[in-house]
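The structure appears right after this line, and notes come after that.
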Amino acid sequence: MSARKKLAEKFSWTRKHLLGLEELSREEILHILNTADTFTDVSTRSIKKVPALRGRVVVNLFFEDSTRTRTSFSLAASRLSADVIEFSAKVSSISKGETLVDTARNIEAMGVDVIVIRHSAPGAPHYLARCVDVPIVNAGDGAHEHPTQALLDMFTIRQIKGRIDGLKVAIVGDIAHSRVARSNIWGLTKLGAKVIVVGPTTLVPSSMKAMGVEISHNLDEVLGEIDVINMLRVQRERITSNVFPSVEEYTRLFGLNAERMARAKKDLLVMHPGPINRGIELTSEVADGANSAILKQVTNGLAVRMAVLFLVNQAHQGSN
Ligand code: CP
């Protein structure tokens, strides 16, 4: 019996959509990570394909720019033998005023089986899930959630550290506006990690405490006690709105460099969702250093997204 069939016998996955980690149970998150484990070797084979989604069609419906997520979903669908349609809002009839729902319904009418959506509006995937019958996968909705990024982050932590339960994980940067932070917080706390969110007071509101995290405005104070550090991208577009005095000031207080690494645990795992601003949230020396898992995260994104596409399709087929 295959590893995936054994997993399916132990846990019955019934969710047709992956909209966020807030609504997922610990068991559901673990089942996605365990299913992803069964897909890791596909990328190392001479023929990098399995027939799990043969005859199915996956559409990437991206209304925001993306390098990692879009490519990773495309490749994941292709490795599952699905046909992939790349939709770009910039060259679509959205420019003629067509709505999101009409766009999705028209795509569904062509016989698409899974819609992967990235949109700047928080809740856009949830809205679509109520309007179409096919599975919806959230590839990032505004500042709300980025569930597959958090899943691949957790997959990477578990792969390298051997566990998540009991680890201290710092998430550093613009927590208030970060979908990566929110999804990581939901997921990591459910899997038993202690999460510390770190950043300037303007970007780390005290209301975040309600999510079950600790708050710090001083990276140097927590540096020595953490096992994992996830450095969020500095969203330069926000600098003009006075959230911190200058990029230099931010880097001095919250940037990760060799000097700070020397004061951290020797095996501190350094993560970043990308795209990196080298020299701002972390130096090149750290980004490319021995503790960095940044490219490993990208590699693992493929197996995680294969698992997600596989599971939502399976739930949809089972419900029809
Ligand atoms: N981490 C992430 O979402 O990267 P992209 O914006 O390139 O997809």
Side-chain angles (χ1 to χ4, degrees), residues 18-22 32-33 36 58-79 84-90 114-125 136-157 159 169-188 197 199 228-238 256 269-278 280-282 286-288 292-309:
L18 180 75
L19 302 176
L21 297 194
E22 182 177 6
I32 298 174
L33 301 187
V58 175
V59 63
N60 269 338
L61 194 59
F62 275 56
F63 293 83
E64 272 186 2
D65 294 341
S66 166
T67 296
R68 281 146 290 271
T69 313
R70 182 197 272 273
T71 312
S72 181
F73 267 115
S74 289
L75 209 46
S78 151
R79 293 208 169 151
V84 187
I85 308 290
E86 296 293 348
F87 172 95
S88 178
K90 283 175 192 151
V114 180
I115 295 177
V116 178
I117 177 171
R118 170 171 285 193
H119 202 285
S120 59
I136 302 291
V137 176
N138 182 0
D141 61 326
H144 180 226
E145 283 228 35
H146 192 347
T148 58
Q149 177 67 48
L151 286 164
L152 72 88
D153 291 343
M154 290 187 283
F155 185 91
T156 305
I157 294 171
Q159 185 184 60
V169 181
I171 306 174
V172 182
D174 182 355
I175 309 294
H177 304 100
S178 172
R179 56 194 178 205
V180 173
R182 295 179 76 80
S183 288
N184 262 282
I185 291 168
W186 290 126
L188 285 165
V197 291
V228 179
I229 190 162
N230 196 344
M231 305 300 293
L232 301 179
R233 178 176 76 89
V234 171
Q235 300 180 44
R236 294 180 207 228
E237 58 273 22
R238 295 191 198 284
L256 197 54
L269 186 64
V270 176
M271 305 177 77
H272 192 302
I276 299 173
N277 290 307
R278 287 176 183 266
I280 299 181
E281 57 266 11
L282 75 182
V286 176
D288 304 327
S292 172
I294 295 171
L295 290 178
K296 193 78 191 154
Q297 288 171 261
V298 178
T299 302
N300 288 336
L302 203 50
V304 164
R305 290 179 175 120
M306 286 172 82
V308 167
L309 293 174

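The figures here come from the full heavy-atom set of this structure, side chains too, leaving out hydrogens, waters and symmetry mates. Indexing begins at 1, ligand by ligand and atom by atom, following the structure's order.
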Less than 3.5 Å between some nitrogen or oxygen of Arg70 and one of ligand 1, yes or no? no

Would you name the heavy atoms of Thr156 and Gln297 that are closest together and state the gap between them? OG1-CA, 3.6 Å

Heavy atom of Glu64, distance to ligand 1 below 4.0 Å: no

Going by heavy atoms in the side chains, are Met271 and Val169 under 4.5 Å from each other? no

Using a distance-only test with no angle check, is there a side-chain donor-acceptor pair under 3.5 angstrom linking Glu145 and Asn138? no

Among Gln149, Arg233, Arg68, His146, which one puts a heavy atom closest to atom 3 (O) of ligand 1? His146

Does any non-hydrogen side-chain atom of Val84 lie less than 4.5 Å from one of Phe73? no

Compute the shortest N/O to N/O distance between Pro273 and ligand 1 and return yes if it is under 3.5 Å, no if not. yes

Mark up the atoms of ligand 1 that fall under 4.0 Å of a heavy atom belonging to Thr69, in ascending order. 2 (C), 3 (O), 4 (O), 5 (P), 8 (O)

Need the ligand 1 atom indices (1-based, order shown) with element for anything under 4.0 Å from a heavy-atom of Thr67. 5 (P), 7 (O), 8 (O)

Would Gly274 count as a contact of ligand 1 if the rule is a heavy atom under 4.0 Å away? yes

Considering only NZ, NE, NH1 and NH2 on the basic side and carboxylate oxygens on the acidic side, decide whether Arg278 and Asp288 come within less than 4.0 Å. yes

Write out the residue and atom name of the closest protein heavy atom to atom 6 (O) of ligand 1, then the distance separating them to 0.1 Å. Arg118 NH1, 2.9 Å

Charged N to carboxylate O below 4.0 Å: is that the case for Arg70 and Glu86? yes

